[in-house]
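Here's the structure, in C-alpha cells; my notes come after.
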Amino acid sequence: MSDTNKLKIFNDPIYGFITIPNPLIYDLIQHPYFQRLRRISQMGLSYLVYPGANHTRFHHALGCLHIMQKAIQVLRFKNTQISTEEENALYIAILLHDIGHGPFSHAMEHSIVEDVHHEEISLLFMNKLNDEFGGQLSLAIQIFKEEYHRKFMLQLVSSQLDMDRMDYLKRDSFYSGVEEGKINSDRLIQMMNVVDDVLVIEEKGIYSVEKFLMARRLMYWQVYLHKTSLAAELILTKTLKRAKELYQKGIAIECSKPLLFFIENKISLNDFNDEILNQFARLDDSDIIGAIKNWQYHDDFTLSTLSKMIINRDLLKIKMSEDKFSMEEVQQLVEQFSKENNVGIQEAKYFVFKGKIKNQAYSKSAEPIRILKKDGNLEDVAILSDQLSLKALSKQVTKYFICFPKQLNKN
C-alpha cells in the first residue's frame with residue numbers, strides 16, 4: 001500500500017473528520033493490538049444504566065489523537081517549538097495510552113490479572129511495538145514514562161488537563177446522554193500556551209477550566225461511579241473470582257482459550273512476557289460475555305447466580321451512605337442469605353459485601369492547572385478562581401456502600 005493511501009479519514013460523531021497524520025500512525029492503528037480496542041467498551045458496564053454508552057476504546061483513542069493534533073497546532077502558532085519527531089511522539093503516546101485496557105476496562109484489573117494496572121500493560125505493549133517498528137516509538141515511550149525533559153509534553157499526555165480527559169468527558173457525556181459532562185474542548189485548546197516548558201491556560205480561559213472540572217465531578221458521580229454501574233462491575237469481578245476459585249478446586253470451567261489461560265494462571269506484572277502479553281491481546285469483551293452467558297447454567301449456585309445477574313440486569317441492591325457500614329450489618333445479611341439459599345458462609349459473601357468510593361475532581365497534591373495571568377505570572381486555578389465550588393472540588397469525597405440481594409430485608 002502506498003503511503004498516500006495511508007492518510008485516511010475517520011468520521012467521528014464528536015469532532016467530524018479525524019485525519020491520520022502520517023503512515024506510521026496508520027500502521028499502528030492497523031496493528032492487531034490496536035484493532036482489539038474496537039472490542040473493548042470505553043465505559044465498561046455503564047450501558048446497563050445508559051443504553052447508549054456502547055462506544056469503544058478505539059473511538060476514544062482516535063479522539064485523543066485528533067485533539068492532540070489541534071493542541072500542537074495552537075501551541076506552534078503561539079511560538080512553542082515542537083519538532084516533527086516530538087510531534088509524532090506525542091501522537092503515538094496519546095494514541096496508545098489506553099492500549100493496555102482489558103475487557104470491560106477496570107473490572108479486569110482486580111480479577112483476571114493480579115492488581116496489574118492498565119498503564120503498566122500499555123507500556124508493555126508499547127515496548128513490544130517499539131521492537132516491531134524498529135525503535136520508532138522510543139521518544140513516545142519516554143514521554144509516556146514521564147522521562148522526557150520537556151514537561152509540557154508529559155502534561156498533554158497525562159495531567160489534570162490532558163487530551164485523554166478532554167476526549168473522554170466529551171465523548172462519554174455524548175454517548176451516555178448526560179449533558180452535565182459537556183465541555184468546550186475547542187476553547188480549552190485555544191487557550192493553551194507554554195511558559196518555561198510548562199503547559200498553562202491563558203487567563204481568559206479560566207471559566208472553561210472551571211466548567212471542565214465541574215463536568216468531571218458530575219460525570220464521576222452521575223456516570224462513572226453511578227451506583228448501578230458500580231454494582232454491576234463488582235458483580236463481574238466476583239463472577240471471575242468465583243470461576244478462578246472453582247477451577248482451582250478442579251471444577252470444569254467453560255470459556256474461551258485466552259480467558260481460560262488467565263483463570264488457570266495467577267498472573268502478576270513480573271510474570272508478563274511476550275507469550276502472556278499475546279494471550280492478553282487476545283482477550284476482549286466478547287470473551288467475558290460469552291463466558292458468563294455459559295456460566296448462567298453452571299452447576300455451581302454462586303457462579304450461575306452471579307452470571308445471571310449481569311446477563312439479565314437483575315443486580316444486587318446497592319446502598320450508599322456518608323458513614324461506614326458495620327461488620328455486624330454485613331455479617332447479619334451474610335448469615336440470612338446463607339440460611340435462605342442453603343449455601344455456605346463463604347459463598348454468601350459473594351452476594352453481600354461493603355466498600356467505598358472516592359471522588360476528587362481536582363487534586364491539590366498533583367501537578368496544578370496553571371493559569372497564565374495578564375501580568376505574566378502563573379497561578380494555580382484553585383487559588384485564582386472566584387468560585388467557592390472550586391475549593392470544594394479539591395476536597396476528596398468518600399462514600400461508603402453495601403451490596404446485598406434485593407430479597408434480603410435491609411431497611
Side-chain angles (χ1 to χ4, degrees), residues 1 3-12 14-38 42 56-78 80-101 118-119 122-123 125-159 161-168 170-171 185-186 188-190 192 194 197 199:
M1 187 185 275
D3 281 356
T4 46
N5 276 353
K6 294 183 177 182
L7 304 178
K8 300 266 186 212
I9 290 174
F10 286 98
N11 199 343
D12 182 71
I14 312 284
Y15 308 112
F17 292 119
I18 293 178
T19 54
I20 296 180
N22 59 56
L24 173 61
I25 300 295
Y26 175 88
D27 291 336
L28 285 169
I29 290 171
Q30 280 298 96
H31 196 283
Y33 286 167
F34 191 82
Q35 288 293 320
R36 161 183 162 273
L37 297 180
R38 289 182 184 272
Q42 168 73 9
T56 64
R57 294 261 158 206
F58 182 86
H59 247 147
H60 163 60
L62 289 180
C64 292
L65 170 70
H66 175 73
I67 53 177
M68 182 65 88
Q69 287 174 279
K70 290 257 183 276
I72 289 171
Q73 214 176 342
V74 166
L75 294 176
R76 277 185 173 152
F77 180 74
K78 293 178 182 175
T80 299
Q81 297 304 309
I82 299 170
S83 70
T84 310
E85 194 194 355
E86 287 170 331
E87 173 186 3
N88 228 5
L90 285 168
Y91 293 157
I92 295 167
I94 200 68
L95 187 70
L96 304 181
H97 77 283
D98 268 351
I99 200 169
H101 264 291
H118 68 269
E119 293 89 353
S122 290
L123 191 56
F125 275 126
M126 285 164 95
N127 286 325
K128 184 92 172 65
L129 286 166
N130 200 26
D131 293 343
E132 278 186 39
F133 283 85
Q136 291 184 84
L137 282 72
S138 300
L139 185 54
I141 290 168
Q142 242 185 306
I143 292 172
F144 186 80
K145 287 165 78 176
E146 303 194 354
E147 288 171 357
Y148 194 53
H149 65 281
R150 301 194 72 184
K151 196 171 177 180
F152 81 91
M153 296 196 175
L154 321 178
Q155 289 172 294
L156 285 169
V157 174
S158 177
S159 69
L161 193 62
D162 58 27
M163 303 301 107
D164 172 33
R165 289 182 185 189
M166 264 189 222
D167 182 80
Y168 77 63
K170 209 173 163 95
R171 190 170 297 279
S185 54
D186 283 350
L188 279 165
I189 288 168
Q190 288 301 328
M192 282 181 172
V194 171
D197 257 345
L199 191 67

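Just the heavy atoms: all of them, side chains too, but no hydrogens, waters or symmetry mates, feed the values below. Numbers here are sequence positions counted from 1.
- The two atoms that bring R150 and T80 nearest to each other are NH2-CG2, 4.2 Å, heavy atoms only.
- Between H60 and C64, the closest side-chain pair of non-hydrogen atoms falls below 4.5 Å.
- Here the closest heavy-atom approach between residue I20 and residue L7 is recorded as O-CD2, 3.7 Å.
- Note on ring orientation: taking the six-membered ring where Trp is involved, the planes of F133 and H31 are tilted (angle from 30° to 60°).
- Among all heavy-atom pairs drawn from I94 and L156, the shortest one is CD1-O, 4.2 Å.
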Mind running side chain to side chain contact (heavy atoms under 4.5 Å, CB included) on Q155 and L161 for me, showing each step along the way? CA-CA 7 Å; Q155 289 172 294; L161 193 62; over 6 Å; no

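- The NZ atom of K145 lies 5.5 Å from the CG atom of L123; values are rounded to the nearest 0.5 Å.
- Other residues, nucleotides and ligands contribute over 12 non-hydrogen atoms within 6.0 Å of the CD atom of E147.
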With side chain to side chain donor-acceptor pair (under 3.5 Å) as the test, would you mind laying out the steps for H59 and D12 before giving the verdict? CA-CA 8 Å; H59 247 147; D12 182 71; 4.6 Å; no

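- The list of side-chain hydrogen bond (donor to acceptor under 3.5 Å, both in side chains) pairs with a residue in residues 61-75, not counting sequence neighbours, is empty.
- Considering all non-hydrogen atoms of both residues, I29 and Q35 come closest at O-NE2, 2.8 Å.
- The CD1 atom of I92 sits 7.5 Å away from atom CG of N22, with the distance rounded to the nearest 0.5 Å.
- For D164 and S158, the side-chain atoms include no donor-acceptor pair closer than 3.5 Å.
- Residues S122 and F144 come closest through the heavy atom pair CB-CZ, 4.0 Å.
- Note: H97 NE2 to L95 CG = 9.0 Å, rounded to the nearest 0.5 Å.
- By the 4.0 Å N-to-carboxylate-O rule, K151 lies too far from D197 to be salt-bridged with it.
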What verdict does the side chain to side chain contact (heavy atoms under 4.5 Å, CB included) test give for V157 and D162, after you've listed the backbone C-alpha separation in whole Å, the side-chain angles of each residue and the deciding distance to 0.1 Å? CA-CA 6 Å; V157 174; D162 58 27; over 6 Å; no

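- Y33 OH to M126 CE: the interatomic distance, rounded to the nearest 0.5 Å, is 14.0 Å.
- Between Y91 and the choices L28, I72, L24, L96, the side-chain contact (heavy atoms from CB on, under 4.5 Å) rule is met once, by I72.
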Assess the residue pair L62 and Y15 against the criterion (side chain to side chain contact (heavy atoms under 4.5 Å, CB included)); give the C-alpha distance rounded to whole Å, side-chain angles, the decisive distance to 0.1 Å, and a yes or no. CA-CA 10 Å; L62 289 180; Y15 308 112; over 6 Å; no

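- Atom-to-atom distance recorded for M163:CE and L188:CG is 8.5 Å, nearest 0.5 angstrom.
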With side chain to side chain contact (heavy atoms under 4.5 Å, CB included) as the criterion, how do R76 and E87 come out once you've worked through the C-alpha distance, each side chain's angles and the decisive distance to 0.1 Å? CA-CA 10 Å; R76 277 185 173 152; E87 173 186 3; 3.0 Å; yes

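- Atom CZ of residue F34 and atom CG of residue D98 lie 9.5 Å apart, to the nearest 0.5 angstrom.
- Residues Q136 and N130 share a closest heavy-atom pair of N-OD1, 3.3 Å.
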